[in-house]
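We use all heavy atoms of the structure for the numbers below, so side chains are in, but hydrogens, waters and symmetry mates are not. It should be emphasised that the depicted structure is a prediction, and the values quoted were computed from it without experimental measurement. Below, chains carry the letters A, B, ... as their sequence lines are ordered, and counting in each starts from 1.
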Amino acid sequence: MGKEIGVTVKKSEDFSEWYTQTVIKSELADYAPVKGLIVLRPDGYSIWESLKSSLDKKFAATGHRNGFLPTLIPESLLTKEKDHFAGFNPEVFWVTKSGDGELGDRLALRPTSETLAYTLFAKWIRSWRDLPLKINFWNTALRAEIKATKPFLRTSEFLWQEGHTVHVNSEEAEKEVTDILELYKKTVEEELAIPVITGKKSEKEKFVGAVYTFTMEALMPDGKALQMGTSHFLGQNFSKPFELKYADKDNVESYAWQTSWGVSWRLIGGMIMIHGDDRGLVLPPRVAPIQVIIIPIYYSDEDKEKIGKISKEIEEKLKDAEIRVQVDNREQLTPGFKFNEWEMKGIPLRIEIGPKDLEKNQVTFARRHNRQKDDQEITGLVERVVSELDKIHNDMFSDAKKILQERTSEVDTYDEFKTELEKGRLIKAPICNNPECEEGIKEETSADVRVITSDAEDTSSKCIKCSDQSSMRPLFARGY
RNA sequence: GGGAACGUCGUCUAGUUUGGCUAUGAUGCUAGUCUGGGGGGCUAGAGGUCGGAGGUUCGAAUCCUCCCGUUCCCA
């Protein structure tokens, strides 16, 4: 009876289907009429806004300012840095017409903004006094996805932010790259309760055009790793073709040093996969559009009035404490229906208020992440809600962290590697410097080097592929 | 990159094999009523031209062609 309102498959049995149903049924997003595009509904957009505001505060505190760039980039600009363009070329959408007329120079819908931004930066920067330049853009990027798309994880247009900075020297730029990575890690852990592993990308997996790329990776329940954010050291790879030069204190012209970095709504996809369960979404409290849902329960008109009043009072008090709270006053629905609906939508804390509770001057708390219920005195309720939400966040984070640790393996042979990979593990394994070994492993197992952690150096082991002396012990996994 | 499945009221769906009456049922929606501590009951009502375009035919949701979109599985 009406069970199909909820998610109809188990997370552990059909992960892909579970994910799609959870996204659509919880009303975070819906499909757009064009292939590969999704629409963010208010609950989904609200989560994005929370992330945005948290990041904006941190960006501002570290001296970054926001700007806005147009969506269209002329072909001549996009192709200026050859490797960079080659990396994006197959995914670029082109605009070739305006009305009935053909355009002379066709225009790309930006797959990323480096070339456009750096053309402008070159105009704006004259002297060392103009540096550092630290700008961030909240926008969308468009990349034609040929492969099967998935809401939030792979779509042809996605929301993201891209930061671009310009510095006088390499040291300052490289510090920016690691500072941003740390800022991202903090945001993901503190807002989304997702534990990540940070480090470098391999030469093979780095951003096209970058000198090197830092990444943070999270492990999903199906054993695949999800890249949650990247921070690139661009060196002078772009400043040279874009003539991004400045006069230093001795009035000598030098090419500037650059970084770029970004996170996208993929973070929301990661959050859904990591925390969700068979009943649907489980939202981390700090980004939940509604943190507390109050369900009034009553039998008689008299109770209805009393309970309505107290629900309203509690709502007001929680609002004063800046908690995102809502009373579910819908009269046509039974409490049981509401419980299930809000659980599917992942609301972290539910407060039930009924006649039995009122008699004892208490309410019932029901937590989404572990489904525990207990009674709470009405006196001092606001403080307890605040601490409960923090506790829920901490529980969710430590649970996720425990799982990540349990699912990280260390191996020394290719056989063990393959066995662990089939178990859906993140695997630490020694590899040599020869790029063919990394390539070969990817071809044979479809696992790649996800991240080279700062402690990954290892010259005393044997490469799992060729048995030569190893150079490092990075983390491998299959990726999204 | 390869393979498979699918598209019919808001949602899930019957009907397609073998073309033929007013396109089936449930759920949701609206109104009323009784209810209400884990997806309520009853009564009445509204809601679809069958993903789109073309074609075959006296007649197409059903057959053919193309297009659009979605899902799942394997590199």
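U57(B) sits 13 Å from U62(B) when the C1' atoms are compared, rounded to a whole Å. With both ends at atom C1', the span from G47(B) to U27(B) equals 13 Å, rounded to whole Å. Nucleotides G7(B) and G48(B) have their C1' atoms positioned 14 Å apart, rounded to a whole Å. Between the P atoms of G10(B) and U17(B), the separation comes to 26 Å (whole Å). Rounded to whole Å, the P atom of C68(B) lies 33 Å from the corresponding atom of U24(B). Nucleotides C29(B) and U11(B), compared at atom C1', are 11 Å apart to the nearest Å. Spacing of P atoms, A61(B) relative to A53(B), comes out at 13 Å, to the nearest Å. G15(B) and G54(B): their P atoms are spaced 28 Å apart (whole Å).
Residue contacts shown for Lys147(A) include a base, since a base heavy atom lies under 4.0 Å away.
A salt bridge does not link Lys465(A) with Glu436(A): every distance from a Lys NZ or Arg NE/NH1/NH2 to an Asp or Glu carboxylate oxygen is 4.0 Å or more. Ionic pairing of Glu420(A) and Lys423(A) is present here: one or more N-O contacts between side-chain nitrogen and carboxylate oxygen are shorter than 4.0 angstrom.
G1(B) is paired with C74(B) under the criterion used here, namely a Watson-Crick or G-U wobble arrangement in which both key atom distances are under 3.5 Å. Partner assigned to U24(B) is none, using Watson-Crick or G-U wobble distances below 3.5 angstrom. Within the shown strands, G45(B) is the pairing partner of C29(B) under the Watson-Crick or G-U definition, both distances less than 3.5 Å. Nucleotide G37(B) is matched to nothing when pairs are restricted to Watson-Crick or G-U wobble geometry with both distances under 3.5 angstrom. Both distances falling under 3.5 Å, in either a Watson-Crick or a G-U wobble arrangement, place C6(B) opposite G69(B).
Phe417(A) and Tyr414(A) have tilted rings, their planes meeting at an angle from 30° to 60° on a 0 to 90° scale. Using cut-offs of 30° and 60° for the angle between ring planes, the Trp18(A) and Phe15(A) rings count as parallel.
Position along RNA chain B of the nearest nucleotide to Lys35(A) versus Lys304(A) favours Lys304(A) as the more 5'-ward residue. Judged by closest nucleotide on RNA chain B, Gly36(A) is the one of Ser446(A) and Gly36(A) placed further toward the 5' end.
Rounding to whole angstrom units, OH of residue Tyr31(A) and C1' of G51(B) are separated by 16 Å. Atom CZ of Arg367(A) is separated from atom C1' of G38(B) by 17 Å (rounded to the nearest Å). Taking atom CG of Asp30(A) as the reference point, atom C1' of G10(B) lies 11 Å away to the nearest angstrom. When the C1' atom of U27(B) is taken as reference, atom CG of Asn340(A) falls 16 Å away, rounded to whole Å. Summarising the geometry, the separation between CD on Glu305(A) and P on G36(B) is reported as 19 Å, rounded to the nearest angstrom.
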* To do: Begin with the C-alpha distance, continue with both residues' side-chain angles, and end with the deciding distance and a verdict on side-chain hydrogen bond (donor to acceptor under 3.5 Å, both in side chains) for Glu302(A) and Ser300(A).
  => CA-CA 5 Å; Glu302(A) 192 192 338; Ser300(A) 63; 4.8 Å; no
